[in-house]
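Below is one structure, written out as structure tokens; the observations come after it.
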Number of protein chains: 2
Amino acid sequence: MARISEVAALAGVSTATVSRALNGKSTVDPELVARVRKAADELGYQPNGPARNLRRQEAAVVALIISDVENPFFTAIARGVEDVAHEVGYSVVLCNSDENADKENRYIDIAIQERVAGVILSPTGTTSSVGKLVTRGTAFVAVDRPLPEQESDVVLVDTRLAARQATAHLVAQGYNRIGCITGPLGVRTADDRLAGYRDALKSAKRRSTTKLVRRTEYKAAGAHRAAQELLNQEEPPDALLVANSAMAVGVLQALQEHGTRPGRDVGLVAFDDAPWAELVDPPLSVVAQPAYEIGTVAARLLLARIADNTRPPTTTTLGARLIERGSSHRG
Amino acid sequence: MARISEVAALAGVSTATVSRALNGKSTVDPELVARVRKAADELGYQPNGPARNLRRQEAAVVALIISDVENPFFTAIARGVEDVAHEVGYSVVLCNSDENADKENRYIDIAIQERVAGVILSPTGTTSSVGKLVTRGTAFVAVDRPLPEQESDVVLVDTRLAARQATAHLVAQGYNRIGCITGPLGVRTADDRLAGYRDALKSAKRRSTTKLVRRTEYKAAGAHRAAQELLNQEEPPDALLVANSAMAVGVLQALQEHGTRPGRDVGLVAFDDAPWAELVDPPLSVVAQPAYEIGTVAARLLLARIADNTRPPTTTTLGARLIERGSSHRG
DNA sequence: TTGAAAGCGCTAACAA
DNA sequence: TTGTTAGCGCTTTCAA
């Protein structure tokens, strides 16, 4: 593979000039730039990234560590990040932590080792290994979930309020025994959605009982089991707040198997506006989160922090939007 | 950030010994290994990746360039690749080409610059810039779609056969005017699915007419328009073969708006077994592709090629499976 | 405006 | 088994 010295030789200049010419540095004779370009093209020259990054002590790369590549909420965030990062010449590498603290930790180590310019991550929540980033001074931004230590920029959705509104909507529709299927204990969004659900029951003067609450992985299978359990209880719920769209799949399956019709028999609101939400019968009421915007905001914050790591940390909270459809109406 | 020389100083050994100890090289006194480990821990030492990669002339990274991060088919491939790569200590960086030859090209350049060990990609199909990889001797494997030049390993699904079987199934169910909504001209899977559709019509002695065929982006919006057009024709189709699950969303929407019931009014089979396929009414018949397996096979082929780039190129073709559900039955 | 040369941090060849 | 040292390819002072 061609090296910079070969380009220099072919163009009849020094390697320093090649470097300057190719990196668009101010002061190079235009004629030399042309000669260098031509030589580089002829040789199919591609700069050696590791060498460049070693010398520069930083790579124009941001790492995005998300907890589930198969969750459209996170892939939408990824698009937001990409679009902003690419505008300013950064590459984005996507890493899938799978809601697993070990994998998260591993990817953080890799990000540090590769000397990426910054990291955006949705922390798994447990013993966040993010401390390493802080001590090393690597710029980073948390998305979707705050960090326990909270020493950084973070982009959140007011998910507790959204859960409260969704639950209040179910109350207003006349449902009486409203249940909740949410994510694992310790995952902040899961906790917040549960808290919002309880907030709403409280202001409606409903008793909230743990019998109507289930916590499970943010996946279809867990939610499926949880819904089955709830439905088979002596006093089953007549409505459910479901904490994400993968879970909604499991819940809808369970309802189907149980011969229970959403809306009429069991009111339903789920987080995340999946593309298929309008296709099921009745259409699924959802809490739509501004995922793409989370990504763009996070990327801009990260770029600002890369430029100046002394900025005070900020918290950006975006709103979610309840979209009422048939699954939360008795009619 | 701590350097290897600091670890060496603290442990009272040379940098070479630190390097050997930390990389698990055969011959180091166990006692020294312990001392080095301790020193490294104390300093929070993380090796400098660019320096290591520069020296080694290769990074233990494989780049996976897929055409749509939001398509579950590709994210499932990504999981397969990850699982295999991680087993042998490689990291995977995921890049989203967005079905855009420029972005694909850009990511290929980056992969070359970063000296990744190998590349797995679903080529956009046009003027594949993959040639660069070949000339540079970077290992790579194509997935989902073959390359025009075809000088490499490739993992495919027999999508033409699958399309043929799906169409034959619609014929067998008594549908007469079967249409097809497929992806853009030049995208191989789109072409193949159309060809399989035509194969089936031919063996069933049905006339195939371009009036019942539409080509569009592999997205919901395009398929939605296409379905509307088809339905508003004088002689609308009474069945449709749809080339992926994002498109199926658009088509189902169009049918809903048109007051047309899948199965009874318009038979429907779509590619890709989305998690929601069983939730719509009637459940959607699909062609399930072995996406995860594509990923694992591709990753293993890539590893083999990294180890030995002189292997003859292979083509692996996996089968797809037709899952008949309500949307392709008149009853 | 250009070139010579140092040096980023690591690994591996060679020497001891 | 361990240490010394060269050098991976680039960018960037410093000098001309």
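As the structure is a computational prediction, the values presented were derived from the model and not from experiment. In the text below, chain A, chain B and the rest are named by the order of the sequence lines, each starting its count at 1.
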Just to verify, what does B:Tyr107 make a ring-ring contact (aromatic ring centres under 6.0 Å, His included) with, not counting sequence neighbours? A:His86
Could you pull out all residues at least two apart from B:Asn105 that satisfy side chain to side chain donor-acceptor pair (under 3.5 Å)? B:Ser129, B:Lys132
For nucleotides 8-16 of chain D, read 5' to 3', which letter fits each nucleotide if B means a protein heavy atom sits under 4.0 Å from the base, S means only the sugar-phosphate is that close, and - means neither? BBBBBB---
What pairs with A:Arg3 under side chain to side chain donor-acceptor pair (under 3.5 Å), at least two apart in sequence or on another chain? A:Glu6
All ring-ring contact (aromatic ring centres under 6.0 Å, His included) counterparts of B:Tyr90, not counting sequence neighbours: none
For the helix from C:dT1-D:dA16 to C:dA16-D:dT1, how many degrees between its two end axes (five pairs per end), to the nearest 10°? 40°
Applied to residues 293-315 of chain B, the salt bridge (Lys or Arg N to Asp or Glu O under 4.0 Å) test, sequence neighbours excluded, yields B:Asp153-B:Arg305, B:Asp153-B:Arg311
Could you list where the contact with chain A starts and ends along DNA chain C, reading 5' to 3', using a 4.0 Å heavy-atom cut-off? C:dT1 to C:dG9
Partners of A:Arg188 by side chain to side chain donor-acceptor pair (under 3.5 Å), sequence neighbours excluded? A:Asp192
Please list all pairs passing the ring pair (Phe, Tyr, Trp, His ring centres under 6.0 Å) test where one or both residues lie in residues 35-85 of chain B, with sequence neighbours left out. none
Applying side chain to side chain donor-acceptor pair (under 3.5 Å), name anything that partners A:Thr135, two or more places apart in sequence or on another chain. none
Which pairs, with at least one residue in residues 40-64 of chain B and sequence neighbours excluded, count as a salt bridge (Lys or Arg N to Asp or Glu O under 4.0 Å)? B:Lys38-B:Glu42
